[in-house]
Amino acid sequence: MAEQTSKQLPARGAELTAGAPFHPRLGDLALDLAKACRIGVVVALPSDTSASYQLRPPGGGEDWRARSDGSTLRPVPVPVTHVTPMRRDAIYDHRAQQAAVPVTVHYEDGGACETMLVLTPAQVELYYIQLGQLIEARESAREREQ
């Protein structure tokens with residue numbers, strides 16, 4: 001499968017917030033903030049005959065309605081499967097006292113996005129120690145195989 005790259009979306013809280021409304025399509029999953037962040041499949045769109053979205057729990061159940069302007073609806077985030085470092089140099093910003101490691105975040109649907117893993121100096125030191133231990137363990141395993 002060809003790698004898909006998407007832009008990282010900001011995380012949304014459970015409260016109603018101002019911003020661009022989400023206008024899902026028929027069959028999309030949507031999170032409804034007005035229904036305690038309940039997730040539903042969009043089974044009907046606002047139209048001349050219906051003044052709201054109609055949603056149904058993914059496994060079936062009782063339908064409910066959401067505002068036609070989409071102001072209470074949010075996209076359901078796709079779960080992350082893993083994160084891999086990119087083949088680019090990490091950078092250290094002495095003014096911010098943090099390091100940035102370029103990484104690719106991989107999603108369950110096959111998508112991916114490039115971002116930065118930001119680390120404090122204490123985290124850099126911790127991972128330095130842990131990576132050193134992993135390198136030693138790998139070398140020991142290689143020696144035992146020979």
Side-chain angles (χ1 to χ4, degrees), residues 1-46 51-59 61 63-146:
M1 171 180 254
E3 183 176 298
Q4 302 171 15
T5 304
S6 61
K7 291 187 177 186
Q8 189 174 17
L9 297 174
R12 299 264 188 194
E15 68 280 354
L16 290 176
T17 59
F22 173 54
H23 297 287
R25 298 174 300 192
L26 200 60
D28 283 352
L29 284 177
L31 184 136
D32 191 351
L33 298 174
K35 295 290 185 182
C37 295
R38 202 168 161 196
I39 294 175
V41 177
V42 177
V43 294
L45 301 173
S52 59
Y53 285 95
Q54 184 174 341
L55 294 98
R56 178 176 300 142
D63 291 4
W64 76 91
R65 299 202 174 274
R67 295 177 53 160
S68 63
D69 64 3
S71 62
T72 66
L73 300 178
R74 298 291 183 269
V76 175
V78 178
V80 171
T81 59
H82 62 286
V83 178
T84 55
M86 296 173 63
R87 292 182 184 251
R88 295 200 327 234
D89 288 339
I91 55 174
Y92 183 77
D93 182 345
H94 72 281
R95 288 177 292 166
Q97 294 190 7
Q98 62 187 23
V101 179
V103 296
T104 302
V105 179
H106 302 270
Y107 297 94
E108 198 172 80
D109 67 355
C113 77
E114 296 176 358
T115 190
M116 300 297 268
L117 172 63
V118 178
L119 302 167
T120 65
Q123 291 168 325
V124 170
E125 290 177 16
L126 173 66
Y127 292 128
Y128 173 79
I129 293 166
Q130 290 179 342
L131 289 170
Q133 292 170 343
L134 290 172
I135 292 168
E136 287 177 19
R138 180 177 181 230
E139 289 172 355
S140 294
R142 281 184 171 174
E143 290 171 3
R144 285 192 301 266
E145 290 176 357
Q146 293 176 355

Less than 4.5 Å apart, side chain to side chain, heavy atoms only: is that true for [X] and [Y]?
{"X": "Arg88", "Y": "Glu114", "value": "yes"}
{"X": "Cys113", "Y": "Thr104", "value": "no"}
{"X": "Tyr53", "Y": "Pro46", "value": "yes"}
{"X": "Arg74", "Y": "Leu33", "value": "yes"}

If I compare all heavy atoms of [X] with all of [Y], which pair ends up nearest, and what's the gap?
{"X": "Leu29", "Y": "Pro58", "answer": "CD2-CG, 4.0 Å"}
{"X": "Ala100", "Y": "Met116", "answer": "CB-CE, 3.5 Å"}
{"X": "Arg67", "Y": "Thr72", "answer": "CD-CG2, 4.0 Å"}
{"X": "Pro24", "Y": "Ala30", "answer": "CG-CB, 4.4 Å"}
{"X": "Ser68", "Y": "Ala51", "answer": "CB-O, 3.0 Å"}
{"X": "Val80", "Y": "Tyr107", "answer": "CG2-CE2, 3.7 Å"}

Taking Gln97 for the side chain and His94 for the main chain, is one N or O donor matched with an acceptor at less than 3.5 Å? no

Determine, step by step, whether Glu143 and Arg138 satisfy the side-chain contact (heavy atoms from CB on, under 4.5 Å) criterion, reporting the C-alpha distance in whole Å, the side-chain angles of both residues, the deciding distance to 0.1 Å, and the verdict. CA-CA 9 Å; Glu143 290 171 3; Arg138 180 177 181 230; over 6 Å; no

Nearest 0.5 Å, please: how far is [atom2] in [Y] from [atom1] in [X]?
{"X": "Leu119", "Y": "Tyr92", "atom1": "CG", "atom2": "OH", "result": "11.0 Å"}
{"X": "Leu55", "Y": "Asp28", "atom1": "CG", "atom2": "CG", "result": "10.0 Å"}
{"X": "Met86", "Y": "Leu117", "atom1": "CE", "atom2": "CG", "result": "12.5 Å"}
{"X": "Ile135", "Y": "Ser140", "atom1": "CD1", "atom2": "OG", "result": "12.0 Å"}

Would you sort out whether Arg56 and Asp63 count as a salt bridge (Lys or Arg N to Asp or Glu O under 4.0 Å), showing the intermediate values? CA-CA 4 Å; Arg56 178 176 300 142; Asp63 291 4; 2.6 Å; yes

Please check if atom CG in Asp93 has more than 12 non-hydrogen atoms from other residues, nucleotides or ligands closer than 6.0 Å. yes

Side chain to side chain contact (heavy atoms under 4.5 Å, CB included), paired with Val105, selected from Thr84, Thr115, Thr81: Thr115

Intermediate values then yes/no, side-chain contact (heavy atoms from CB on, under 4.5 Å), Arg38 and Trp64: CA-CA 10 Å; Arg38 202 168 161 196; Trp64 76 91; 3.5 Å; yes

